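On a predicted model such as this, the values are computed, not experimentally measured, just so you know. Proteins get letters first, then strands, A, B, ... in listed order; numbering begins at 1 in each.
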Protein chains: 2
Amino acid sequence: MEPKLNVWLEVEGEVMLSVWRVELLTAVSQTGSISAAAVHMGVPYRIAWQKIHEMESRLGQKLVETQTGGKHGGGASLTPLAQDYIDRFTQISQELDAVLQERFQAIFLPDAPE
Amino acid sequence: MEPKLNVWLEVEGEVMLSVWRVELLTAVSQTGSISAAAVHMGVPYRIAWQKIHEMESRLGQKLVETQTGGKHGGGASLTPLAQDYIDRFTQISQELDAVLQERFQAIFLPDAPE
DNA sequence: TAATCGTTATGATAATTTATCATAACGATT
DNA sequence: AATCGTTATGATAAATTATCATAACGATTA
């Protein structure tokens, strides 16, 4: 049995940011395009694009700058705001993960051998 | 914007216990029947019954004792094991909630007035 | 200046999941 | 033997989510 955790930020009851979405944004940053990020996340391009637009719509600000056309067809990069959200969210998420592991050990497996 | 959290326990990749499911079990305990618990949770009886059986199936042990027939038609009560899981899970869940609130304040709203 | 390229953008459809509806079975009590 | 509100479960509907297919973009290149 394993404990699981999800953290997310809501705006007016709808998901704006989550662990998965932060991964997606990070992948956009690292690959330079939404389509490559989609491959990296194992979902169709459509899904990745949709999630990004959901995030932007719910936040009311741009998170991803996109370009169509050009030699390489275009691409995408993160706004500084997006990187800021990634950093803060990741910090909270990691801290909660650590607490969960520790507390699960203590409360469900208190007599585990050293 | 508000931070949200979900915690759950998985067995072989499937949800065995979650915040919602603990609420459901608690409602069964308080009302004495699955049907009344379903009303309390705002879902059809079928859903409540199904979730309970999922939990039992995935845990491999009984969580709810049920009776059909009788003057009042039957009823349901929790096994001691179920109560034990409720107690431990609730403890973890509440602690994580507290940490989330505190960390969100610190990381996203560091300059809030006292 | 027109063809090229891989990307963004989006409509339409399919699949999966989840919820709802309806009905049978139960059995102590009366 | 009839009654009652419950448990149990099959069948269907709704909602959500994912997939497929295609159009639009535009700097670069020849």
I'd like to know if the side chain of B/E56 and the backbone of B/L63 have a donor-acceptor N/O pair within less than 3.5 Å.
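Yes; judged by distance alone, with no hydrogens or angles, the pair exists.
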
Under a 3.5 Å distance rule, please check whether A/T31 uses its side chain to pair with a backbone N or O of A/A27 as donor and acceptor.
yes

Between B/F108 and B/F104, is the ring centre distance below 6.0 Å?
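Yes.
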
Counting heavy atoms not belonging to A/H53, are there more than 12 under 6.0 Å from its NE2?
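Above 12, so yes.
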
More than 12 non-hydrogen atoms from neighbouring residues, nucleotides or ligands closer than 6.0 Å to CD on B/Q67, yes or no?
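At most 12 heavy atoms, drawn from other residues, nucleotides or ligands, come within 6.0 Å of this atom.
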
Note every stem involving DNA chain C: at least three consecutive Watson-Crick or G-U wobble pairs, i with j then i+1 with j-1, with both distances under 3.5 Å.
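DNA chain C forms these stems: C:1-30 with D:1-30.
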
Compare all side-chain heavy atoms of [X] with those of [Y] and state whether any distance is below 4.5 angstrom.
X     : Y     : answer
A/M16 : A/Y85 : yes
B/Q61 : B/T79 : no
B/V99 : A/E95 : no

Residues from residues 15-27 of chain B lying under 4.0 Å of DNA chain C - heavy atoms:
none

Between the protein and nucleotides 28-30 of chain D, are there any N/O to N/O pairs under 3.5 Å, and if so, what are the atom names and distances?
from   : atom 1 : to    : atom 2 : distance (Å)
D/dT29 : OP1    : A/K71 : NZ     : 3.3

Check nucleotides 12-15 of chain D for protein N or O atoms closer than 3.5 Å to its own N or O atoms and list the pairs.
none

Which residue lies more 5' along DNA chain D, comparing A/V43 with A/H72 via nearest heavy atoms
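Its nearest nucleotide being more 5', the pick is A/V43.
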
How about A/Q83 and A/D87: does a side-chain donor come under 3.5 Å of a side-chain acceptor?
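Short answer, yes.
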
Could you tell me if B/D97 and B/Q101 have a donor-acceptor pair between their side chains, going purely by distance under 3.5 Å?
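Side-chain D/A pair, B/Q101 to B/D97: absent.
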
Which residues end up grouped with B/V15 if you chain together Ile, Leu, Val, Met, Phe, Trp and Tyr wherever their side-chain heavy atoms are less than 4.5 Å apart?
B/W8

Could you write out each protein N or O paired with an N or O of nucleotides 8-16 of chain C at a distance under 3.5 Å?
from   : atom 1 : to    : atom 2 : distance (Å)
C/dT8  : OP1    : A/I34 : N      : 2.7
C/dT8  : OP2    : A/S35 : N      : 3.0
C/dA9  : OP1    : A/T66 : OG1    : 3.0
C/dA9  : OP2    : A/W49 : NE1    : 3.1
C/dA9  : N7     : A/Y45 : OH     : 3.4
C/dG11 : N7     : A/R46 : NH1    : 2.4
C/dG11 : O6     : A/R46 : NH1    : 2.8

Please determine whether side chain to side chain contact (heavy atoms under 4.5 Å, CB included) holds for the pair B/L96 and A/R103, giving the CA-CA distance in whole Å, both sets of side-chain angles, and the decisive distance to 0.1 Å.
CA-CA 9 Å; B/L96 284 172; A/R103 294 280 74 202; 5.8 Å; no

